There are 2 protein chains.
Amino acid sequence: MKIAVLGGTGEIGEGFALHWAEKHQIRIGSRKSEKAEVTSERFNETLANYGCKGEIKGFDNKTAAEGADVIILTIPYEHVSGVIDVVRPVLSDQIIVSPVVPMTRGEYFEYNTPAHGSAAQEIQAMLPEGMNVVAAFHTVASRRLCSLDPAFQCDVMICGDERRSKDVIIDLTHDIECLRPLDVGPLALASTIESLTPLLLNIAMLNHLKDPSIKVL
Amino acid sequence: MKIAVLGGTGEIGEGFALHWAEKHQIRIGSRKSEKAEVTSERFNETLANYGCKGEIKGFDNKTAAEGADVIILTIPYEHVSGVIDVVRPVLSDQIIVSPVVPMTRGEYFEYNTPAHGSAAQEIQAMLPEGMNVVAAFHTVASRRLCSLDPAFQCDVMICGDERRSKDVIIDLTHDIECLRPLDVGPLALASTIESLTPLLLNIAMLNHLKDPSIKVL
């Protein structure tokens, strides 16, 4: 499967790339292709150090998205609209994955409900007719995922309206051993899982926990 | 500590009563005192069967609340306002604990954000000046708590504005071995933890999990 990780030069992009590279074609996207190329080389060195196969490639966001099966938006909420404008000409039937969280930090982290109800629903409204957004991966501690922390275990809560798209993302989540996918319902419920990110950040800050994740027992 | 569990004749009330009875004075409240008395007798028999000390007593809600240190509202959202009206004459400096969740069930369970932002904030607005609400216990699977399920483990997320009140509830949570209290911030963030209940119910329904609880790892 061809997976474009847009804004994928950060820790969460690295985590996805390292875990999926043996089984899937990973295309890291960035605003500037040079940055994505240099970062992908670094990811490939890490892969080699772990004795893993696979080759991660870097592109500008639009080139990364073109012809992908799945596009993951590992982008701050503020930049999502701009990136979608850039890739819109190459959007056709890719599944769009949103781990995007609209939040601010004051004394505490706070979820800011967008007018559409959630970032995922807002992104759905920006896309051409017939494309599907799946909301997922909001609770994945990126530092633990990209360091291949062997003690890391995390449930990934997944919202989406279209069965096949959701199943593809559930399967991709299963491909990462430390993650367990949980179906949480339709996209209309995405605000609940987006708001888990500020919740976890507040829990970390107030209870001296480092890079916490969530498990449903 | 004197703990009034209003609407406490159900499973969650039983769970609190059984776990706290050895260390605290538990006063089960109900609309009719007879129901609370009969139910308390049943709880006392269970206590005796487990070889535990303590005596749980049943009262009408107002009598249970009078002179308590802590009042826990184990009441459906729709009935909270009516119960607060009943107990208002005896409210003075009790700490009010809200595990209340405003939600509806259609095809999925859905959180219904109240005008005040959360049920906990709405309850705070109903109380006399100077009283404090602490939001807690929304994610506790009542069936597992009241059956004293030895495998049960659950994190209790706690919001509140007043440090001493919050610390009292954190200590009470520590008194129940299977629960871990996590400070989640001020009452303004309570909607996030209230919405965990419909989230867990949807997860249970869609992923065939029974009475799930949440742990932060």
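Computation of the quantities below employed the complete heavy-atom set of this structure, encompassing side-chain atoms and omitting hydrogens, waters and symmetry-equivalent molecules. None of the values given here were measured: they were computed from a predicted structure. Proteins come first, then strands; the chains are lettered A, B, ... in the order of their sequence lines, and each starts at number 1.
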Contact winner vs chain A - Val216(B), Ile214(B), Asp211(B), heavy-atom pairs under 4.5 Å:
Val216(B)
Could you look at Met205(B) and say if it's the side chain, the backbone, both or neither that has a heavy atom under 4.5 Å from chain A?
neither
Got more than 12 heavy atoms from elsewhere within 6.0 Å of CZ, Arg31(B)?
no
Considering only heavy atoms and a distance below 4.5 Å, find which of Ala141(B), Pro212(B), Pro181(B) pairs most often with chain A.
Pro212(B)
Please say whether more than 12 non-hydrogen atoms of neighbouring residues, nucleotides or ligands are located less than 6.0 Å from CZ in Arg163(B).
yes
Segment of Phe109(B) engaging chain A (4.5 angstrom heavy-atom cut-off)
backbone
Before you tell me yes or no, could you show the steps for Asn202(B) and Leu189(A) under side chain to side chain contact (heavy atoms under 4.5 Å, CB included), namely the whole-Å CA-CA distance, both residues' side-chain angles and the distance that decides it to 0.1 Å?
CA-CA 10 Å; Asn202(B) 288 326; Leu189(A) 301 178; 3.5 Å; yes
Using a cut-off of under 4.5 Å on heavy-atom pairs, state which of Asp155(B), Thr192(B), Thr139(B) scores highest against chain A.
Thr192(B)
Go through the atoms of Tyr108(B) and report whether side chain, backbone, both or neither lie under 4.5 Å from a heavy atom of chain A.
side chain
Where on Glu107(A) is there a heavy atom nearer than 4.5 Å to chain B: the side chain, the backbone, both, or neither?
neither
Under 4.5 Å from a heavy atom of chain A, the part of Ile203(B) involved:
both
Regarding His24(A) and Asp69(A), is there a side-chain donor-to-acceptor distance under 3.5 Å anywhere?
no
Backbone N/O of Ala115(A) and side chain of Glu122(A): donor-acceptor pair under 3.5 Å
no
Is there a side chain to side chain contact (heavy atoms under 4.5 Å, CB included) between Ile84(A) and Leu127(A)? Walk through the geometry before answering.
CA-CA 8 Å; Ile84(A) 293 204; Leu127(A) 298 178; 4.2 Å; yes
Check the surroundings of atom NZ in Lys215(A): do more than 12 heavy atoms from other residues, nucleotides or ligands lie under 6.0 Å from it?
yes
For Leu209(B), is it the side chain, the backbone, both or neither that has a heavy atom under 4.5 Å from a heavy atom of chain A?
side chain
From the list Ser191(B), Ser195(B), Pro186(B), the residue making the most non-hydrogen contacts under 4.5 Å with chain A is Pro186(B)
